[in-house]
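Every chain is numbered from 1 and lettered A, B, ... according to where its sequence line falls, protein lines coming before strand lines.
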Protein chains: 2
Amino acid sequence: MAISERKKKILAALVEEYIRTAEPVGSKAIAQSAGLGCSSATIRNELSELTSLGFLEQPHTSAGRVPTPAGYRMYVNELMQRQKLSLEETEEINARMNQKLQQLDDTIGDISRLASQLTDYPALALTTRTAVTIRRFDIIYVDANTFIIVVMLSDNTVKNKLVHLPISVDQKQVQRLSSLFNSGFTGITDDQITPLLINSTERAADDTMGLTSVIAAFAIEVLSASAAPSSFISGENRLLHQPEFRDPDKAHKLMGYLSGGGYILPPENDFVGGNGDIRVLIGPENVAEELKDSSVVIASYDAGDNTKGLIGVVGPTRMDYSAVAAKLSVLAQGLSRRLGGSTEAPPEGMHNKLIIKGDNFNE
Amino acid sequence: MAISERKKKILAALVEEYIRTAEPVGSKAIAQSAGLGCSSATIRNELSELTSLGFLEQPHTSAGRVPTPAGYRMYVNELMQRQKLSLEETEEINARMNQKLQQLDDTIGDISRLASQLTDYPALALTTRTAVTIRRFDIIYVDANTFIIVVMLSDNTVKNKLVHLPISVDQKQVQRLSSLFNSGFTGITDDQITPLLINSTERAADDTMGLTSVIAAFAIEVLSASAAPSSFISGENRLLHQPEFRDPDKAHKLMGYLSGGGYILPPENDFVGGNGDIRVLIGPENVAEELKDSSVVIASYDAGDNTKGLIGVVGPTRMDYSAVAAKLSVLAQGLSRRLGGSTEAPPEGMHNKLIIKGDNFNE
DNA sequence: ATTAGCACTCGGATAAAGAGAGTGCCAACA
DNA sequence: TGTTGGCACTCTCTTTATCCGAGTGCTAAT
């Protein structure tokens, strides 16, 4: 789809103006803003062609133009100049990220909050781990009726559980179980913890009190919880900043979908894509019905050890793609670096590959 | 403030009708709905008096009446019949609570989500623990450069941290530290962990590698994190259900305040109040400017062991106080019971004391 | 190929008119 | 004295009509 250089300039100017104002853009405005020395009449001709090419549309006969999803797509793929954050901006993001990551706690929530603050759109963060296994079991004997199970996972997180028993156990027994679990339950995934395995362990431990199954249940719980993708969304209320969501019903519908944990990406695509890649889904390119007239920008990161994550931002199709992409990119790279993922940090630039999705609008 | 029986009935009918419809209520509507056999003209006279008493107001001369905050207050304090959930409803809430509490994880978040779902208003949950101390230290030696700190707190939660060191330590050293911490750092609160204490421990342990301060820092972090009130809010988007928040600016302002973790209660009042008490703050009774024309219903619970919590719901002053209070009450009581707080469960009724706040509207 | 000019269209803002709901008050009544 | 029907009045909301202007598409001139 080759279009003239001037058309490109006009389209870019129009999209940017529309992103800024949220009002249909007319020929005169473009004639002034875009630095090409020609009159509004010329622009009108060009606009007319761009419209028939499917990049623009008119809300009604006598209004300015508005980009179609295909128009945005063209903008994102070819026109938009990748915004490069200033060193200060990048620094600031990194600083805030550091601050957030200091407390081990609620990383994913914090990151999503941060992304939302930075972009002023609702943001979500997902992580998934594949093939998590237990690396090590420890059982701390507290008293005759109490012990603490501590497991260290292959991704270097540590989980624990306090167990109270109605009956007494002796320390020896606990130690025996601990070593049995360390030999039998480490290095395997949750679906490999079969009733068979549990049974044989129980017999080997000479356990008549059901301790084995308690511990095994915890192992399964921990493993499956770690493997399950976790997600967090925040800043839904920022949607209300956007004029296209002044209609409370619309806003509510989308916000409900988002806070209900609705899928953003088709599950099978969720975690593909390398480190720092940015994906943009424009309007109807989204799979979820609720997102059909919104856009999503997603950055992937790789935290190593089979852990991948996404940070995404949701907004109207009239989104400031360029700024959002730049910011998410810094975030994603920072996360990869910090969480110990691959270290292929780009020399210094924030330019990332854009995975193009759904650009087959006009063939 | 004694008002006639009939006035009370009329006021109650009006408030309930307004809660239902969100439209100013006229004399005719009341004449029909309230079962008192008198004509709309009579009602009009009564309404007029109720208005001059300050319980009602008119949006404009020729509209129906709307309750003032004082009117709601009167309704909540004296008129509203405490709604008693049916056994099934109570059961259902309890079942859902059980389900949520199964996974240890994110209790406070889950509870707030549940409250929001049940009431269809935004809900928030807070907990605070006072005087948390460490009950027990364990340090698990993983390898020469790695160990896991496990601390068990006075509230029976267990926290851990994985520590990687650039240098090697030997197992003996770790054991010595463990026992030193167990004797020196247990049973004290975070502000009692002084540099002095850390120094003397360091010397006693003959620790030249700074392990002591790492462990002490973790102890402080854990203690202060446990003592700090944590809060969670969810369902902000449900505000948009309410006609009074059809104005996106209003909605956004409040939602922003809520998700920004704004204070609901004046800090000094936060956690007073016994188990299952319900507090209602109507409109201007709220301290936060952003809440001045919203209402808040709050249930307190006591999870024992110096742990207190709140579950609250935010909505327009035209809130279904009675239903909300009933539901929160079940939730709060369920939480107390489950989290091991006091067991003074009311015989079976859901009737709770209402702490009256700010009922000095008409003296 | 570009531009100025002009008729035309259509949505949004503004104003006027009408409808309806509800009040307040008065006079009649139990 | 308390209650009721009646009625004029008020005020908002809705509808209808009108106007204005931004922006287009087309044509003719450059």
Charged N to carboxylate O below 4.0 Å: is that the case for [X] and [Y]?
{"X": "B:Glu285", "Y": "B:Arg73", "value": "yes"}
{"X": "A:Glu244", "Y": "A:Arg318", "value": "yes"}
{"X": "A:Lys7", "Y": "A:Glu49", "value": "yes"}

Checklist entry - More 5' along DNA chain D: B:Arg44 or B:Arg6, using each one's nearest nucleotide? => result B:Arg6
Checklist outcome for this item: Assign each of B:Ala41 and B:Ser62 the nucleotide of DNA chain D bearing its closest heavy atom; nearer the 5' end lies the nucleotide of B:Ala41
Take atom [atom1] of [X] and atom [atom2] of [N], then tell me their distance rounded to the nearest Å.
{"X": "A:Leu47", "N": "D:dG23", "atom1": "CG", "atom2": "P", "value": "11 Å"}
{"X": "A:Arg65", "N": "D:dA22", "atom1": "CZ", "atom2": "P", "value": "17 Å"}
{"X": "A:Lys28", "N": "D:dG25", "atom1": "NZ", "atom2": "P", "value": "16 Å"}

Checklist entry - If only side-chain N and O atoms of B:Thr61 are considered, is one of them under 4.0 Å from the OP1 or OP2 phosphate oxygen of D:dC9? => result no
Item to check | Exercise: identify the closest heavy-atom pair between A:Ala29 and A:Val25 | outcome: CB-CG1, 4.1 Å
Item to check | Pairs meeting criterion side-chain hydrogen bond (donor to acceptor under 3.5 Å, both in side chains) with involvement of residues 53-65 of chain B, two or more places apart | outcome: B:Thr51-B:Arg65
Checklist entry - For A:Thr317 and A:Ser295, does a side-chain donor sit closer than 3.5 Å to a side-chain acceptor? => result no
Checklist entry - How is B:Ala63 classified with respect to the nucleic acid when contacts are heavy atoms under 4.0 Å: base, sugar-phosphate, or nothing? => result sugar-phosphate
Checklist entry - Just checking B:Ser40: base, sugar-phosphate only, or nothing, at a heavy-atom cut-off of under 4.0 Å? => result nothing
Checklist entry - Could you give the start and end, 5' to 3', of the contact zone on DNA chain C for chain A, using atoms under 4.0 Å from its heavy atoms? => result C:dT2 to C:dG11
